[in-house]
Structures are given as C-alpha cells and as structure tokens.
Peer 1: 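Let me give you the structure first, and then I'll get to my questions.
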Protein chains: 2
Amino acid sequence: MDAVETLGYQPNILARSLRTQQTQMIAVMIGDISNAFYHPVVRAIQDVAYLNDYDVLISNGDHIYENEKRFLQTVLRRPVDGVIMAPHRLSVEDIDQFIRRSHIPVVLIGAQLQHPQIDGVGGTSQPATYEAITWLIQAKGYRRIGFIGVESDMVPGPARYLGYERAMTDAGLSIEPGFVQKAKFTVEGGAEAMRMYLQQSNPPAVVFAANSLMAVGAILTAKAAGLRVPEDIGVMGFDDIPEALIVDPNLTTVARDLPAIGTQVASMLFERITGKETGPGRFVQSGWRIVERQSV
Amino acid sequence: MDAVETLGYQPNILARSLRTQQTQMIAVMIGDISNAFYHPVVRAIQDVAYLNDYDVLISNGDHIYENEKRFLQTVLRRPVDGVIMAPHRLSVEDIDQFIRRSHIPVVLIGAQLQHPQIDGVGGTSQPATYEAITWLIQAKGYRRIGFIGVESDMVPGPARYLGYERAMTDAGLSIEPGFVQKAKFTVEGGAEAMRMYLQQSNPPAVVFAANSLMAVGAILTAKAAGLRVPEDIGVMGFDDIPEALIVDPNLTTVARDLPAIGTQVASMLFERITGKETGPGRFVQSGWRIVERQSV
DNA sequence: TTGTAGGCGTTATCAA
DNA sequence: TTGATAACGCCTACAA
C-alpha cells in the first residue's frame, strides 16, 4: 500500500473490465440536451451512479432517429453494465432487437412500450393531461380548449393527446377543427402552433401545450401579436422547467418531480445491475401536480 | 465476412482498447448542465467525435469542487484518448498535476491558465466585457454602471470584472461602492444581486451581469419590484442563450458563437489525438459581438 | 498466508 | 498470403 501511495498507482479499469466482465459504466441517452426536463434527471442519475462508483456515458438523441440508432450501436459495441434511455424516434422493433442482443438491464424514461424484461418510468402523460384539461374546464371555466401536440407519433404526443381528448369528451365538449396543432417540441414549435391559432377566426380561449418549451413559445407569439395572456388567450404547459418562471406571465403547468424521476430510474437500474431485483419488468408512474401561476 | 453478418459479430472495444492502448473515447466535463451555454458546445463536440468514430463521456461539474476533482480521478483511472473540460473550482495545481500524471491531450474551455502543453479556447471575457461596457457608455450614454460578478475568484469572474474596471477607468468613470455585486452563476444569483442594488439609495442606471442567467434573474427581480427595464434600470448579459429571448424585455447581451466554440475545442483535441498537431499549447480566442435587444 | 498461472478478446508480430 | 503466438493489465483459482 505504501508503493500504491508513492507511485500513485491507479488500476486500469479497462483490463479489470475485460477480466470481470463489468465495466463500472452505464450509458444514458436523453431526448434533447436543450430541454431542461432532462437536466435534473441526468443530475440525479449521475449522483446515484457516483454513489455506486459508476461512470456515466451520456448521449444526446436530439429527437433524431440516426442519433438514437447510433446510441444503440455504440452500446452494443462498447460494453456497459446498464442503459437508461428516453427514446423518441426508435421503433418498438429497434428497442426489442436491442434488448435481445445486449444482455444488460435497460430502463426506459417516458416509455411508451411495456416490455416484460425492462423497467420503465412514465405513464404520467395521459392521466396528468386528463387532470389538467379537466381542471381548466371545471376550476377555470374554459370550454374552448386547444391542444399543441407533437408531430408524427413521437412520444409523448399520443398519450398526452389522448388525455386531452378523453377529458374533452367526458366533459361533453367538442374538439373543433383547428383546435389541435402539431409542432416541434421546442420554443419555436410552440410559436409556430400559436401562429396557426391566431389565423383562425375563432381560436380557442386557452391552449394546452404537450411540453412547456412549446407553451413558452406560444406565449411569446401571442404577446408579440398584441394579445394579453391569459385574458385574451390562456396557455398551460407540461413540466415545470426554469423557463416557466422566466416567461411573463409565469407559466401554469403540470409539475413532475424531476430529480425524483432521475433517482427512480437510476435506482431501478442499479437494482438490476447488482442483482437485487430479478423479477419481471417493473413500471412506475411518477407523481404530478398542477402548479397554477399566471398564464391561465 | 459472411459469418460476421450472420452471427452479428461486434468486436469487443474493451479488449481492443487494452491491446491498442486507444479507447476511442473522449471525456468532457462541462461547468453546469443547466447553463444553456454548454448545450450547443457539447452538441458540437459530440458531432465532431462521432465523425471521428469516438464516444463521449460527459460529466457535469456543477461548479462543485468535489465533482471536478472526481472527474480528474475518473479520467486517470478510466483511460480515454483525450479530455475537454471547463474547470471552475479546480486549482491550477490540480490541473497541472493531472496533466503530468495523465499523458493524454487536454483542451480547456474558458481557460484561465495558459499551459505550455495544452490547448484552450477562451480569453474572450476581458476584451468582450471591455467592449460591452464601453458600448454602454459611448453608444447608450450610461455613466452609472454596475457589475454582477461571481463569488470567489471562480472563472470567468475576475477576467470579466477586469474588463469592466478597465472600461470604467478608461472612460474616466468612477466605480462607486455598491456598484459591484458578487453572486452565484444562476438566475437566483442574479436576482439576489438585484435585490442588493434595489436597497441602495442611488443604484446604478444599468447593470452588466457576467453571465446571462444572472442577467435574467436581475431583470425578473427588477420587474417584480415595480421597476421598468430598461427605463428605470437597464440590464445586459454575457452569452446569447435561449432565455435571452424568453425574458421580457429581451436581453441585450454579448454573443459568442457557441457551436463554433464546441467545434473548435473538439477539433483541437482530435488534432492532438491523431498526432496531426504536436507543437506547444495553442490558445484561441473566440469571436463575439454585441446583440442589442430591449433590456438596455 | 503468499505466490503463480491462466485467461478475458483483441491486435501485432513473426514464422511458415 | 496465411496462421500461430504473445502481450495488453487485471482478477481468480489453485498450489505451495
């Protein structure tokens, strides 16, 4: 041990990994590094990983199919002990095939698919959106409610749309043509959607955006067009990110406990890695609450 | 090759690395994952890395000494072919010692130290701040100018402060007591600093924040206190991040080309890794320009 | 308790 | 050109 000290010896993790078949590394793919939703999540994942003496390989999918596919390739080639990912463009077959070929635990964030062998956190989208829309109707008295979803069928678009549709139907309200817009998951996407609303002769009185970045974009565009928010048009978002408190008026939104989601997925992964958990895939639904501020 | 195809053979990168002493992986430590400054930068780094068939191990320092130190430890143990980092809390000795022990190329972002063996991009802080302050004086006619810097001597605090001080001195303006505040590098830090200004009997007419997150916090606090920005108090930031366009009024700021910085550091690193460049440490200064919007 | 040999999956070297 | 072999640095199993 003296020698270790004086020579500053550091074991070579590569060689150790080759021998032990353990890499002390997990890989994480997030949906979009610009989306503040992921910041507390990866922070929490890193905390848990460090506690377990693991390193974290982070990739940024950016909602681009090639990037996501590439991540799978990388992880297949470069052995890691576990994977956490938030796939958006990957098909169910892509993921299924990956799981069959790599024999390591996988945890999905915002998982659309329920796979018997892998854990996931998610499933909040539909009930939370349902509750939010119902709240807009019952507590705030809105009846003409628009919805900004995401292009194609990318998660979590369909689930949040379903929550919206069900809530409207259950309240006996009709979804008029033009109420539903599809846009990119970004500020610019929300701005684009709001522009579509503003061209309508009788636009909705309030708009629910499937993500808070879009909600912020919608607010900015409405204000730029001379409308007052929420008096002329209300806007509500999904996820409580820092931008919600920067935009004026502050954003009313559905808030999930983001660090908790990160801790949750990381814990599930390490339970698999350490062998503490060997049962079938678990699926946990994160909690949420409505945070009322000024945009509705 | 048929067998490769049918069996789906993937070479084990670990074993290859052990043999070749090359890991096909670089490590990146950013200052704070919540700071949008780093998002385009890491995105660009990843792009360059993927082009070179390299993976990227990302760490988040979060401006915490232990995290940064841990990153150094990790990289010492887990061989990577190169390192890009934005150290904030590490001492010069820490970095120096690391470079001596690890024999891989290192590139520094926002480097405060000029090391003969390592490349860096930075050095913008002082001249850009100087120009910004001078612009506030000459083009905008301000004379009572405050400065929100960062606590302790964390980079890039001192350099930006120096730019401020020099510009004030060169213009023959005095820096009154209370003009200079120190705060955390966050929205909340800027809010805190603005609260200090608002307690003063004769606060500055405009405030330059060493980072745009702080500038946003300053604006929010000023507005919350009933002041109009920029009529009652102007605010200017450093770095053009998305929040600059979300806050109302939109932020006037110093803009650097963020993706270019990422491409720059990654290119310098790969020139070292591939052996194309073997000379002494290079230091490149990124360009900047003043983007005038509404907050000043 | 201490020491030694074998093998993890590659690649590079050297011989055939 | 092809094929066998050693070595990268570590850990584990087994022998002394």
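Letters A, B, ... are given to chains in the order of the sequence lines, protein chains preceding strands, and every chain is numbered from 1.
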Peer 1: Go through the steps to decide whether B:Thr129 and B:Val254 satisfy the test side-chain contact (heavy atoms from CB on, under 4.5 Å), and finish with yes or no.
Peer 2: CA-CA 8 Å; B:Thr129 305; B:Val254 173; over 6 Å; no

Peer 1: Find the distance A:Arg78:CZ to C:dG9:P and express it as a whole number of Å.
Peer 2: 17 Å

Peer 1: Could you tell me whether B:Gln22 contacts a base, only the sugar-phosphate backbone, or nothing, with contacts defined as non-hydrogen atoms closer than 4.0 Å?
Peer 2: nothing

Peer 1: Can you name the one residue among B:Ile26, B:Leu57, B:Val75 that meets side chain to side chain contact (heavy atoms under 4.5 Å, CB included) with B:Val83?
Peer 2: B:Val75

Peer 1: How many Å lie between CG on B:Leu14 and P on D:dA7, as a whole number?
Peer 2: 21 Å

Peer 1: Figure out the CD/P separation between B:Gln21 and D:dC10, and round it to whole Å.
Peer 2: 11 Å

Peer 1: Would you kindly give the CD1-to-C1' distance between A:Ile13 and C:dC8, to the nearest whole Å?
Peer 2: 17 Å

Peer 1: Ignoring hydrogens and angles, does a donor from either the side chain of B:Arg19 or the base of C:dT11 sit under 3.5 Å from an acceptor on the other?
Peer 2: yes

Peer 1: Could you check how far CG of A:Asn12 sits from C1' of C:dC8, rounded to whole Å?
Peer 2: 13 Å

Peer 1: What integer distance in Å separates B:Leu18:CG from D:dA6:P?
Peer 2: 17 Å

Peer 1: Whole-Å distance between C:dG9 C1' and B:Tyr9 OH?
Peer 2: 7 Å

Peer 1: Classify the angle between the aromatic ring planes of B:His88 and B:Tyr38 as parallel (below 30°), tilted (30 to 60°) or perpendicular (above 60°).
Peer 2: perpendicular

Peer 1: Record whether the side chain of A:Arg16 comes under 3.5 Å of the base of D:dC10 through a donor-acceptor pair of N or O atoms.
Peer 2: no

Peer 1: Under 30°, 30 to 60°, or over 60°: which ring-plane class applies to B:His39 and A:His39, parallel, tilted or perpendicular?
Peer 2: tilted

